Asks: 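Could you have a look at this structure, given as structure tokens, before my questions?
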Amino acid sequence: MSDWMMELKSNIPEQRILTELADRYSYSFDASFGEHLPEVVVQAKSKEEVVQIVRIANRYKVPVYPRGQGTCLSGGPLPVHGGIVLDLSQWPEKIDLNVEDLTVNVSPSVLTANINKEAEKHGLMYAPDPSSAHVATIGGNLGENSGGPRGLKYGVTKDHVLGLELVTPEGEIIRTGGQTIKNVTGYDLTKLIVGSEGTLGVITEATLKLMPKPRAEQTVTISFDEVRTAGLAISQVLTSGILPSKMEIMDQACIRAVESFQPAGLPVDAEAIVIIELDGHSQTLEIETDLVREIMNEIGAKDILIPKTKEEANQIWQSRKQVSPAIAKIKPTKVSEDATVPRSKIPDMMDRLNEIREKYNVELVVFGHAGDGNLHPNILCDQRDKEEMRRVEQAVEAIFEAAIDLGGTLSGEHGIGTMKAPFMENELGAVGVEMMKRIKDSWDPNHIMNPGKIFAEKGQKLVLTDD
């Protein structure tokens with residue numbers, strides 16, 4: 001047994017140190033691609049334990065891979081160099097609300113949806129709402145800077161973080177930010193850490209911002225004969241002075257998949273639908289709903305549906321949430337991307353995606369948070385078909401290239417991880433990547449924190465097969 005493993009066992013209860021092959025395999029993958037076997041899995045339940053684990057790892061230069069529930073779509077928690085998977089999902093759940101200050105202190109293990117549930121008891125809400133909120137931990141959301149449909153109006157995770165408690169790669173505890181809404185003391189380390197994918201330390205507590213829950217909501221569903229027209233309609237609404245809380249798009253393949261999976265009465269003959277949610281005062285919503293209807297009629301919408309009850313609206317939104325499981329029934333493998341473009345470029349991105357579909361002969365469906373340009377092109381394939389997967393790899397590269405060409409970005413909410421690391425320089429340039437590496441080097445001189453993520457290793461390419 002190695003010296004560092006013996007030290008771990010002297011500091012952490014042995015039942016939470018997993019070395020059996022079956023246990024290690026359970027932590028070798030996430031919701032993306034690739035399998036990497038860790039040497040050990042350690043389940044930490046306190047910041048003191050995290051400090052001990054990280055100090056041991058730093059002393060022996062053993063890689064540490066923080067992990068929540070493993071729902072990451074970019075390979076964020078994969079132990080690509082072995083070492084220690086640090087499982088934070090077993091941490092005792094803490095949700096400590098301060099209603100008067102509109103803040104909440106949470107442990108990294110809390111399921112994101114549970115924060116909102118607790119806030120709603122007091123007429124408040126935690127705005128970020130990633131689709132995986134019911135299964136993903138807030139620690140993972142902080143690491144990836146997750147978004148969700150409400151990102152259009154309320155922003156992504158980093159926009160709701162006031163402060164963090166972090167164990168540094170050298171095993172020190174620091175606090176960034178605080179409990180106040182305004183804080184311009186020194187560098188904004190809080191925003192640096194959020195979205196750093198565990199490469200700068202281990203988050204052990206977060207102070208999050210809450211807000212009053214809107215009094216009313218109104219859903220509007222619009223169908224179109226052309227996908228490009230749907231994209232133009234989105235821009236028209238957003239430049240009209242209306243700011244919806246959600247604005248989602250589904251193409252025809254998504255609509256038909258959902259209707260086959262869990263019928264909800266969506267128009268299967270439409271080339272695309274846009275689902276809008278307005279929130280605020282009920283009288284304001286009446287005015288905004290009429291304006292949306294007017295805009296859609298002028299631009300040539302096929303049909304406009306305004307649900308009369310909350311139950312009808314919930315059914316529409318449930319259909320949107322069913323897209324991922326529905327399209328997963330079509331083929332056994334699903335490659336999920338989240339290339340994001342300026343909102344005005346959504347029609348152009350839709351055209352480029354159609355070209356990619358035809359050029360590489362792949363089954364590509366499109367849905368996503370169209371209001372903020374965050375599209376989710378999903379390629380349906382079979383990982384056992386090596387020839388098909390090589391075409392898929394080419395198609396994914398083309399999607400990234402298209403997004404960057406249109407002034408967009410590689411990722412709107414999924415993170416970089418291993419999947420997109422080879423393309424970082426395409427967006428940021430060599431100097432931009434080098435500046436990020438300098439930050440990483442200064443924070444983590446022994447390179448123990450989640451190595452192999454964000455920054456591509458020499459010769460690294462996107463690989464979606466086992467070859």
Side-chain angles (χ1 to χ4, degrees), residues 1-20 23-24 26-28 30 37-70 72 76-79 81-96 105-112 114-115 136-144 163-176 189 193-194 196-208 443-451 453:
M1 183 182 296
S2 61
D3 291 343
W4 63 267
M5 188 79 77
M6 291 177 64
E7 282 200 43
L8 279 178
K9 291 189 174 183
S10 67
N11 284 276
I12 307 296
E14 193 163 350
Q15 68 269 23
R16 288 194 274 114
I17 298 177
L18 312 179
T19 57
E20 294 294 325
D23 291 327
R24 291 188 290 133
S26 298
Y27 289 82
S28 68
D30 64 0
L37 196 65
E39 293 171 69
V40 63
V41 177
V42 183
Q43 297 174 327
K45 291 189 174 184
S46 70
K47 65 182 176 183
E48 291 79 15
E49 289 183 350
V50 172
V51 166
Q52 292 300 320
I53 294 163
V54 173
R55 284 181 178 175
I56 292 167
N58 192 57
R59 190 159 56 248
Y60 290 94
K61 299 183 180 179
V62 178
V64 177
Y65 295 90
R67 180 186 174 102
Q69 292 280 60
C72 184
L78 297 181
H81 295 300
I84 302 167
V85 165
L86 181 58
D87 178 11
L88 303 174
S89 67
Q90 305 303 307
W91 195 296
E93 186 174 282
K94 169 189 171 182
I95 305 177
D96 185 9
N105 292 325
V106 297
S107 59
S109 58
V110 173
L111 297 185
T112 303
N114 288 348
I115 302 172
T137 62
I138 188 64
N141 284 181
L142 292 164
E144 300 295 333
L164 297 171
E165 179 183 79
L166 183 88
V167 176
T168 71
E170 293 170 315
E172 303 294 334
I173 298 175
I174 64 169
R175 285 189 171 273
T176 70
L189 298 181
I193 293 163
V194 176
S196 63
E197 304 187 26
T199 61
L200 300 180
V202 183
I203 296 171
T204 53
E205 186 175 287
T207 302
L208 308 174
W443 275 68
D444 183 15
N446 287 329
H447 288 225
I448 66 160
M449 289 307 309
N450 212 7
K453 310 302 163 58

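In this text the structure is predicted, and so the values were computed from the model without any measurement. The first residue in the sequence is number 1, and the count goes up from there.
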Asks: Just how far is it from atom CG of Asn446 to atom CZ of Arg59, taken to the nearest 0.5 Å?
Replies: 11.5 Å

Asks: Where do Tyr65 and Lys453 come nearest, in terms of heavy atoms and distance?
Replies: CD2-NZ, 3.6 Å

Asks: Tell me if a side-chain donor or acceptor on Asn450 pairs with a main-chain N or O of Gly76 at a distance below 3.5 Å.
Replies: yes

Asks: Is there a donor-acceptor contact under 3.5 Å from the side chain of Arg16 to the main chain of Gln43?
Replies: yes

Asks: What's the separation between atom CD1 in Ile193 and atom CH2 in Trp443, rounded to the nearest 0.5 Å?
Replies: 4.0 Å

Asks: Apply side chain to side chain contact (heavy atoms under 4.5 Å, CB included) to Thr204 and Leu166, showing your working.
Replies: CA-CA 6 Å; Thr204 53; Leu166 183 88; over 6 Å; no

Asks: Between atom OG1 of Thr176 and atom CG of Leu164, what is the distance when rounded to the nearest 0.5 Å?
Replies: 4.0 Å

Asks: Considering all heavy atoms of both residues, which atom of Ser109 and which atom of Trp91 are nearest to each other, and what is their separation?
Replies: OG-O, 2.7 Å

Asks: By the definition side-chain contact (heavy atoms from CB on, under 4.5 Å), identify the one residue from Val50, Val202, Ile203 that meets it with Pro66.
Replies: Val202

Asks: Tell me the closest heavy-atom pair linking Pro63 and Pro451, and the distance in Å.
Replies: CB-CG, 3.8 Å

Asks: Any chance you could measure Arg175, atom CZ, to Thr207, atom OG1, to the nearest 0.5 Å?
Replies: 6.5 Å

Asks: Roughly how far, to the nearest 0.5 Å, is the CD atom of Glu144 from the OG atom of Ser196?
Replies: 9.0 Å

Asks: Between Lys61 and Trp4, is there a side-chain heavy-atom distance shorter than 4.5 Å?
Replies: no

Asks: Would Ile56 and Val62 count as a side chain to side chain contact (heavy atoms under 4.5 Å, CB included) if you check the C-alpha gap in whole Å, the side-chain angles of each, and the deciding distance to 0.1 Å?
Replies: CA-CA 8 Å; Ile56 292 167; Val62 178; over 6 Å; no

Asks: Work out which heavy atom in Gly171 is nearest to a heavy atom in Arg55; give both atom names and the distance.
Replies: O-NE, 3.0 Å

Asks: Got Glu7 and Tyr60 here, is their nearest side-chain heavy-atom distance under 4.5 Å?
Replies: yes

Asks: Any heavy-atom pair between the side chains of Pro79 and Arg67 that's under 4.5 Å?
Replies: no

Asks: Are there more than 12 heavy atoms of other residues, nucleotides or ligands under 6.0 Å from atom CD of Glu14?
Replies: no

Asks: Kindly determine whether Glu165 and Ile173 satisfy side chain to side chain contact (heavy atoms under 4.5 Å, CB included), including the steps that lead there.
Replies: CA-CA 7 Å; Glu165 179 183 79; Ile173 298 175; 3.9 Å; yes

Asks: How close do Ala57 and Val64 get, heavy atom to heavy atom, and via which atoms?
Replies: CB-CG2, 3.3 Å

Asks: Please say whether more than 12 non-hydrogen atoms of neighbouring residues, nucleotides or ligands are located less than 6.0 Å from CD in Glu20.
Replies: no

Asks: Could you name each residue pair satisfying salt bridge (Lys or Arg N to Asp or Glu O under 4.0 Å) that touches residues 85-95, not counting sequence neighbours?
Replies: Lys94-Glu205

Asks: For Asp444 and Pro169, work out which heavy atoms get closest and say how close.
Replies: OD1-CB, 3.4 Å

Asks: State, yes or no, whether a side-chain contact exists between Glu49 and Val42 at a heavy-atom distance under 4.5 Å.
Replies: no

Asks: Nearest 0.5 Å, please: how far is CG in Asn114 from CD1 in Ile138?
Replies: 11.0 Å

Asks: Going through the distances and angles, do Leu88 and Thr137 end up as a side chain to side chain contact (heavy atoms under 4.5 Å, CB included)?
Replies: CA-CA 9 Å; Leu88 303 174; Thr137 62; over 6 Å; no

Asks: I need the single residue from Asp23, Ile53, Leu8, Val41 that forms a side-chain contact (heavy atoms from CB on, under 4.5 Å) with Ile17. Which is it?
Replies: Leu8

